[in-house]
J.: 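Have a look at the structure that comes next, please.
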Amino acid sequence: MRFSSSSSSILDSLFNSCTTIHLTKSLHALLFVLGKSHNVVLSTKLLNLYASLGYLSLSHSTFKHINNKNIYSWNSIIAAYVHSHRYTQALNFVNDLFSLSSQRPDFYTFPPTLKACQCLVDGRKMHCCILKMGFENDVFVGASLINLYSRFGGLDSAYKVFVGMPLRDVGSWNAMISGFCQNGNAAEALDVLNKMKGEGLKMDKVTVSSILPVCAQSNDIVSGLLIHLYVIKHGLEEDVFVSNALINMYSKFGRLGDSQRVFDYMKVKDLVSWNSIIAAYEQNNDPTTALGLFKEMQFIGIRPDLLTVVSLASILGQLSDQMVSKSVHGFVMRHEWLEKDVVIGNALVNMYAKLGSMDCASTVFEQLPLRDIISWNTLITGYAQNGLASEAIDAYNMMEQCENIIPNQGTWVSILPAYSHLGALQQGMKIHGRLIKNSLYLDVFVATCLIDMYGKCGRLDDAMSLFYEIPRETSVPWNAIISALGIHGHGEQALQLFKDMLAEGVTADHITFISLLSACSHSGLVDEGQWCFDMMQKEFGIKPGLKHYGCMVDLLGRAGYLEKAYSLVSSMPLQPDASIWGALLGACRIHGNVELGTFASSRLLEVDSDNVGYYVLLSNMYANVGKWEGVAKVRSLARDRGLTKTPGWSSVVVGSIIEVFYTGNQTHPKCIEIYNELRVLTAKMKSLGYVPDYSFVLQDVEEDEKEQILTSHSERLAIAFGIISTPPGSPIRIFKNLRVCGDCHNATKYISRITERDIVVRDSNRFHHFKDGMCSCGDYW
DNA sequence: AGCAGACTTT
């Protein structure tokens, strides 16, 4: 072969055909043999080839061996490092170029250099340098400067550079538009875009991909659709960036069909495309389809990255897939991705929380090398949503001790429900006070949590006045206030608010009707409830879900329309679950219909045989009509099943301390005084006619022991503690996690009379206000 | 002369 005359064209084609690292290394060896390894042009080419294949260290060593480095070599090595996100090293090369070499930087040097600047100080220094050397009028340098300032939020400086440019091409405009977009300044971005159009410039693929996320952010579907038309008209859909941005935009609007169509139409799909379509389904509550797409992506050999796995973790949480979740956790650990980015750690914490494995969630949380506010919010929400309110509060208190962690909206909407759950009014009010200072209480979601908290803590007036202070264009705060009125037994008022809501043009959703129907059922408003149930379907097109049916069965059954309730259950298009049969059984208990009750309970135990509450209901139903053999049968059934009880607890606030009592608690410091007080009270109660109702005791034991068991129910311990710890006559507020026991309900009426105290018991269902031996619920609990 | 550069998506 003759290399001498035509070697350059042959070498050119050799360089062009080097698509693998092996070929490149062979070429390197060949150059060495040919004695050309010191040729600066060829070496620089080689350096770039290595870099493009991802072999940065080989690039580096090739660079080091060039004796007479020219500015091209320097520009290449700087760009190579920037390209692989090794910004510090890139800046070191820039320093060497300035101080050690005799080469003068040129137009090409600065764009990568500016990209490498990781702080504003470096950036400003470089800007000065550019001005000194007179490169500021280059369009590429200008765009890089705009980008640099935008990255650090310095939009003023960015705009100054933009305005000062003597020549602007589409790239310059794009840089300015994206600067505004990424800082959330949608209005300014659109303004610049319009000016650009005014100068007769057309949007290109970059403009479009920058502006599309803004349409989603500012909830502007019309602009989004117009841009999609523009994209089709100008053939921009070929571009993978544009199509990916379209998928994401449609996903934000919940238009999965459109996302899918864009995705299907794409000829070239990259990892971002797959991540986007998977996230689209994951974010719109279709984890099954999302998982299918993930498998498809794996099948065609695209390797998942960190963001894929973030979506995957959420998918598995939604699907409650324990097994695969564990292996995803393992995958993350093997790749050491927890160190790479907090989002993946947060995703794992969230995944375990959704699976109900708070132990695993907190273990991952503790392993996180870095925790942001999202990590804490995820943990707190996880505890709160799994019913572990005390743990949620502990976590929140720990968070407050961390410096650099500033609570945000997400924090409040996770901690407030935990306070509501325990009835911690004082703590909730403290948060409210803090929120007033920064006006966050006007945020609809935070405000709704506050309304809910006041409602559940018995401060209906405060809930109402807060409700009227906040914006109420969406159903969210209305649902909360209607529900609060409902649990306080103010059904008529709840209905009135519902009418007000419609009058103000707010659209009711399926949650509104759950709040409303349960309000009607607590107040015995049968016709009104029926009206709502019909209206929901006919006028709002909402298909009733299990919760709606549950409320209706409860409403009809409680009011004595047992046949109607049963025929509703029979005609349901959905499979009745335990809550439906439970509601029917509860109604049968109240009205003494043993026949239907027995039937309901047999269906009930088919779908949920582990809930002790239902056995108690059944036993009580038999006892109320004197069917003692039925009571005995239920007891032995419960014993045979070896039921593990949901631990019942009640809390009472004394001063600023929340005391929590579990059933049968013997470890409280005031234990002896509490039981003494209960003994004295029971004696007085009996003299007034109280007879213990043992049908609420499922244990098969002697009578005196049954009385002992009733006496040590958590609500009674809490009441007794309240009595001995507060001045005579002051009201007592109790929270119970389950429904209040029927015998305790009866006993509390006596206690309110004996001690002349108002006793408010909020159980998992509603409020009971005991006064002068009566209860506000009229014994329909 | 060759070699190298900006603005865009999850």
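Numbers restart at 1 for each chain; the letters A, B, ... are given by sequence-line order, proteins then strands. Below, each value reflects all heavy atoms present in this structure, side chains not excepted, and no hydrogens, waters or symmetry copies. None of these values were measured; they are calculated from a predicted model.
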J.: From B/dA4, B/dA6, B/dT10, pick the nucleotide closest to the side chain of A/N75?
T.: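 So the side chain of A/N75 is nearest to B/dA4.
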
J.: Where the side chain of A/D239 is defined as all heavy atoms beyond and including C-beta, which of B/dT8, B/dT9, B/dG5 is the nearest nucleotide?
T.: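 From the listed options, B/dT8 comes nearest.
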
J.: Expressed as a whole number of angstroms, how long is the span from A/N183:CG to B/dC7:C1'?
T.: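 Checked: the CG to C1' distance equals 15 Å.
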
J.: Which part of the nucleic acid does A/D138 contact within heavy-atom distance under 4.0 Å: base, sugar-phosphate only, or nothing?
T.: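 Since a base atom lies under 4.0 Å of A/D138, the category is base.
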
J.: Counting only side-chain nitrogens and oxygens, does A/S178 get under 4.0 Å of the OP1 or OP2 atom of B/dT8?
T.: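 Answer is yes, contact under 4.0 Å.
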
J.: Out of A/M203, A/M196, A/Q182, which residue meets the side-chain contact (heavy atoms from CB on, under 4.5 Å) rule with A/I177?
T.: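 Among A/M203, A/M196, A/Q182, the one meeting side-chain contact (heavy atoms from CB on, under 4.5 Å) with A/I177 is A/M196.
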
J.: In whole Å, what is the span from the CG atom of A/N147 to the P atom of B/dC7?
T.: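 To the nearest whole Å, that distance equals 5 Å.
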
J.: Please report, rounded to the nearest Å, how far the P atom of B/dA4 is from the CG atom of A/L97.
T.: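 My rounded result for the distance is 17 Å.
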
J.: Counting side-chain heavy atoms from CB outward, which of B/dA4, B/dA6, B/dC7 is closest to A/D106?
T.: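 Nearest nucleotide to the side chain: B/dA4.
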
J.: How many whole angstroms separate atom CE of A/M176 from atom P of B/dC7?
T.: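 Checked: the CE to P distance equals 14 Å.
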
J.: Using 4.0 Å as the upper bound for N to carboxylate O, is an ion pair formed by A/R261 and A/D264?
T.: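 Answer for the salt bridge query: no.
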
J.: Roughly, in whole Å, what's the span from CZ in A/F241 to C1' in B/dT9?
T.: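 It works out to 6 Å between those atoms.
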
J.: Can you see if the side chain of A/Q182 gets near the phosphate of B/dT9 - specifically, an N or O under 4.0 Å from OP1 or OP2?
T.: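 The answer is yes; a side-chain N or O of A/Q182 sits under 4.0 Å from OP1 or OP2.
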
J.: Tell me whether A/Y108 is stacked on the nucleobase of B/dA4, counting only the six-membered base ring and applying the 5.5 Å and 30° thresholds.
T.: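 So yes, this residue stacks on that base, both cut-offs being met.
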
